Amino acid sequence: MAEGFNPEFDPTGIEGGVDTNVLPWMAVPGAAGVHLKPLRASGESGMWSAVLKIEAGAHLPMSSCLGGMDLFVLSGEIRYEEGGATSKLGPGTWGYVPANTHIASMAAPGDSEFLANFYSALAFLGPDGSVRSVLTSADLGRLADEQGIALVPNTLAECMRERPDPFGGQGEPLAIASGNASQLVVGGGAPSNGDSTFRHPHFVDTRAVEWVINPGLPEIALKILRVSEETGVVSLVVRHNGVAGPHNHLGASDFLVLSGRIGYRAGPPEGYGPGVWFFEPAGARHDATQRLGDDDLIYLANVYGPLTFDTGRGTPIEGVLSWMEYDALAKAAAAA
């Protein structure tokens, strides 16, 4: 199956994914003890994505996400303070922090790592609440350039550019690289609405979210975490053990592989494994997406627009999967 998956592999294009385990940790300006691995920086929308690490005893200082942020805790524990309350975020916690939320602190008792998508700049605030500095997508791009790191392309046109030289420095794997990261989202978590460690409505324990099956794709199960009726963005965990047939991404998507291996366009026959983060630009086409091997393929994903399904290139659209279908699936399963 792996040998026949990708017969038209083109090694000259820029791949839409990055192995986070081979990237170095880079200091975050204005936040002592906080480091990041850069993944994506949009010059058009200002959105940027990174894996962040807060060292033991350090904290992300008082700040405001000017465009909102979603995050997923990979390891350690983060004590999130806002509005005089503290939420303890352990591994497997997913959250969406709305735009302009005043975050008093994100502190780590021990080394802690989390994936984050910032929808605009992160503003660091002074004691009086005034803006002391900002961290933008342009800053992330500059940090990546200084280290010789190629960020994922943002558009289909950028995907057609020549592949840059690979990062030649010393990488540092994520803390989850040595274990089975599927345990972050599968297992006996307490129901998030009864978990006394969450004092804010932004967060959910992904282990406590039930799997939902789409009748049209019975071998692909979903944990639907958030559906935005305003933007159409859907956040979810996917257990992808079947084959997703031919489809087009009308909007972009991103995802982090937690377990198993995924067969991916323009990828190697053995596919990609845990710790690889992908960005699918709007308009991306997949004739098939499937797991490789026998292990559960599980990934965390954001879907920024509808997908259309057909039976092959040039054939009529047979189905559409948008925020409305995800919302209906969640409601049918009584998922909060």
Side-chain angles (χ1 to χ4, degrees), residues 45 47 49 65 67-73 92-101 115-120 184-186 189-195 198 200-256 258 278-284 286 289 297-310 316-336:
S45 69
M47 185 174 180
S49 302
C65 301
M69 166 186 65
D70 66 65
L71 64 88
F72 181 70
V73 181
T93 299
W94 183 90
Y96 178 81
V97 180
N100 303 313
T101 300
L115 171 69
N117 296 290
F118 292 86
Y119 290 70
S120 186
L184 293 172
V185 297
V186 179
S192 58
N193 58 2
D195 189 336
F198 292 161
H200 303 88
H202 314 318
F203 305 111
V204 62
D205 180 353
T206 58
R207 296 169 301 168
V209 180
E210 295 293 334
W211 291 109
V212 176
I213 304 296
N214 183 342
L217 298 168
E219 293 181 294
I220 300 178
L222 310 173
K223 291 184 179 224
I224 301 172
L225 307 177
R226 178 176 184 265
V227 176
S228 172
E229 297 184 7
E230 179 180 350
T231 65
V233 175
V234 179
S235 300
L236 63 162
V237 177
V238 182
R239 186 178 66 209
H240 190 143
N241 288 342
V243 178
H247 59 276
N248 285 312
H249 290 257
L250 301 190
S253 65
D254 60 54
F255 60 98
L256 175 70
L258 298 175
F278 290 93
F279 179 77
E280 291 282 1
H286 290 153
T289 303
L297 170 61
I298 298 177
Y299 52 85
L300 178 78
N302 284 314
V303 181
Y304 298 100
L307 285 76
T308 61
F309 292 83
D310 51 54
I317 294 173
E318 294 197 341
V320 177
L321 191 56
S322 73
W323 72 267
M324 290 175 281
E325 285 71 40
Y326 286 110
D327 189 53
L329 284 170
K331 288 176 178 176

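Here the structure is a predicted model, which means the values were calculated and not measured.
- Looking only at side-chain heavy atoms (C-beta outward), Phe72 and Leu184 come within less than 4.5 Å of each other.
- How far SG of Cys65 is from CZ of Phe118: 5.5 Å, rounded to the nearest 0.5 Å.
- Considering all non-hydrogen atoms of both residues, Ala252 and Phe279 come closest at CB-CZ, 3.6 Å.
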Show your working on side-chain contact (heavy atoms from CB on, under 4.5 Å) between Phe198 and Thr93 and close with a plain yes or no. CA-CA 10 Å; Phe198 292 161; Thr93 299; 3.7 Å; yes

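- In this structure, the side chains of Tyr119 and Asp70 come closer than 4.5 Å at one or more pairs of heavy atoms.
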Under the side-chain contact (heavy atoms from CB on, under 4.5 Å) criterion, do Tyr304 and Met47 qualify, and how do the steps go? CA-CA 12 Å; Tyr304 298 100; Met47 185 174 180; 3.1 Å; yes

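- Rounding to the nearest 0.5 angstrom, the gap separating the CG atom in Leu236 from the CZ atom in Arg226 is 12.5 Å.
- From Leu321, atom CG reaches atom NE2 of His249 across 10.5 Å, with rounding to the nearest 0.5 Å.
- Between Ser228 atom OG and Asn302 atom CG the span is 11.0 Å, to the nearest 0.5 Å.
- Remark: side-chain polar atoms of Lys223 are not paired, donor with acceptor, to backbone N or O of Val212 under 3.5 angstrom.
- Distance CG/Leu258 to CG/Leu115: 9.0 Å, rounded to 0.5 Å.
- Nearest heavy-atom pair across Gly92 and Thr206 is O-OG1, 2.7 Å.
- For the atom pair CD1 (Ile213) and CG (Leu222), the distance works out to 7.5 Å, reported to the nearest 0.5 Å.
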I would like to know whether Leu225 and Val237 meet side-chain contact (heavy atoms from CB on, under 4.5 Å); could you show each step before the answer? CA-CA 8 Å; Leu225 307 177; Val237 177; 4.1 Å; yes

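- Of the residues Leu300, Asn117, Val303, the one that meets the side chain to side chain contact (heavy atoms under 4.5 Å, CB included) test with Asp254 is Asn117.
- Listed by chain and number, the residues in a side-chain contact (heavy atoms from CB on, under 4.5 Å) with Ala330 are Ile224, Ala335 (sequence neighbours excluded).
- What you find for Leu307 and His247 is that their closest heavy atoms are CD2-CD2, 3.7 Å.
- Residues Val186 and Arg207 share a closest heavy-atom pair of N-CG, 4.0 Å.
- The side-chain contact (heavy atoms from CB on, under 4.5 Å) check on Thr308 picks up Asn248, Leu250, Ile317, Val320, with sequence neighbours excluded.
- Aromatic ring centres of Tyr96 and His202 lie farther apart than the 6.0 Å criterion allows.
- For the residue pair Asp310 and Pro316, the shortest heavy atom distance occurs at CB-O, 3.4 Å.
- Under the 30°/60° scheme for interplanar angles, the aromatic rings of Phe255 and Phe278 are found to lie parallel.
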Determine, step by step, whether Val238 and Ile298 satisfy the side-chain contact (heavy atoms from CB on, under 4.5 Å) criterion, reporting the C-alpha distance in whole Å, the side-chain angles of both residues, the deciding distance to 0.1 Å, and the verdict. CA-CA 6 Å; Val238 182; Ile298 298 177; over 6 Å; no

